[in-house]
Visitor: 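Quick one: the structure is below, and I'll ask about it shortly.
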Amino acid sequence: MPPTEPVVITPDSVTRFAQALGLDDDGTVPPTFLISLTLPAAERLIDDPEFGLDWSRVLHREQRFAYHRELRAGAAVSCASTIESIKSVAGNDLLALRTDVTDAEGLAAEVWTTLFVAGDPV
């Protein structure tokens, strides 16, 4: 998918996310904060009617984050999602997505998401 328009990580969004997790707000972006930016980027693909994903059959299976450098409030980032694989297992599908998070300096982080998509009931 093409990258999203840049989104500025605001101090308020970092504070609210940290508070929701019970973390101290020290101005640092919490490690899992990027899910709040990468999920909307992936939804563009997942909501595509040609892709045909039925959200009522989806379970979140796994999430991984790899930071190449620290992100701080004030950074403007874009997210680009890629389907890395779709595997069928016992009539179900595992959908693996990677979202690259970039800022003015280049690649800042990568986020991997694995979704379990239940097959049609028999």
Visitor: At their closest point, which heavy atom of Ser81 faces which heavy atom of Ala41, and how far apart are they?
Guide: OG-C, 3.7 Å
Visitor: Between Phe65 and Ile35, what is the shortest heavy-atom contact and its length?
Guide: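 Looks like CE2-N, 4.1 Å.
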Visitor: Phe17 versus Thr32: any side-chain heavy-atom pair under 4.5 Å?
Guide: yes
Visitor: If the test is side chain to side chain donor-acceptor pair (under 3.5 Å), which one of Arg61, Arg64, His60, Gln63 qualifies with Thr113?
Guide: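 Testing each of Arg61, Arg64, His60, Gln63 against Thr113, the sole residue satisfying side chain to side chain donor-acceptor pair (under 3.5 Å) is Gln63.
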Visitor: Nearest 0.5 Å, please: how far is OG in Ser85 from CG in Leu95?
Guide: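 Interatomic distance, Leu95 CG to Ser85 OG, rounded to 0.5 Å: 7.5 Å.
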Visitor: Could you list all the salt bridge (charged side-chain N to carboxylate O under 4.0 Å, His left out) pairs where at least one residue sits in residues 76-94, not counting sequence neighbours?
Guide: Glu84-Arg98
Visitor: Just grab all the ring pair (Phe, Tyr, Trp, His ring centres under 6.0 Å) pairs involving residues 71-118, residues at least two apart or on different chains.
Guide: none
Visitor: Which of these passes side-chain contact (heavy atoms from CB on, under 4.5 Å) with Val101: Thr4, Leu37, Thr38?
Guide: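 Exactly one candidate clears the test, Thr38.
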Visitor: Quick one: do Phe33 and Leu71 satisfy side chain to side chain contact (heavy atoms under 4.5 Å, CB included)? Show the steps, please.
Guide: CA-CA 10 Å; Phe33 177 84; Leu71 287 169; over 6 Å; no
Visitor: Quick one about Thr10 and Asp12 (side-chain donor to acceptor, distance below 3.5 Å, no hydrogens or angles considered), yes or no?
Guide: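 The criterion, which ignores hydrogens and geometry beyond distance, is not satisfied for Thr10 and Asp12.
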Visitor: Give a yes or no on this: more than 12 heavy atoms of other residues, nucleotides or ligands lie within 6.0 Å of atom CD of Glu70.
Guide: yes
Visitor: Which heavy atom in Tyr67 sits nearest to a heavy atom in Pro30, and how many Å separate them?
Guide: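 Closest pair (atom of Tyr67, atom of Pro30, distance): OH-O, 3.6 Å.
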Visitor: Taking C-beta and beyond as the side chain, do Ile83 and Leu97 meet within less than 4.5 Å on heavy atoms?
Guide: yes
Visitor: Could you walk me through whether Leu59 and Leu115 pass the side chain to side chain contact (heavy atoms under 4.5 Å, CB included) check?
Guide: CA-CA 6 Å; Leu59 293 173; Leu115 301 175; over 6 Å; no
Visitor: Between Thr99 and Leu34, does the side chain to side chain contact (heavy atoms under 4.5 Å, CB included) criterion hold? Intermediate values first, please.
Guide: CA-CA 10 Å; Thr99 303; Leu34 289 182; over 6 Å; no
Visitor: Looking at Pro6 and Ala76, what are the two nearest heavy atoms and their distance?
Guide: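 Distance-wise, the nearest heavy atoms are CB-CB, 4.3 Å.
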Visitor: Any side-chain heavy-atom pair from Asp120 and Arg57 closer than 4.5 angstrom?
Guide: yes
Visitor: Please identify each residue that fulfils salt bridge (charged side-chain N to carboxylate O under 4.0 Å, His left out) with Arg69, with sequence neighbours left out.
Guide: Asp103, Glu105
Visitor: Determine whether Val58 and Val111 fall in the same hydrophobic cluster, where Ile, Leu, Val, Met, Phe, Trp and Tyr are linked whenever their side-chain heavy atoms lie under 4.5 Å apart.
Guide: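 Per the 4.5 Å side-chain linkage, Val58 and Val111 are not co-clustered.
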Visitor: Identify the two heavy atoms, one from Leu107 and one from Thr102, that lie closest to each other, and give their separation to 0.1 Å.
Guide: CA-CG2, 3.9 Å
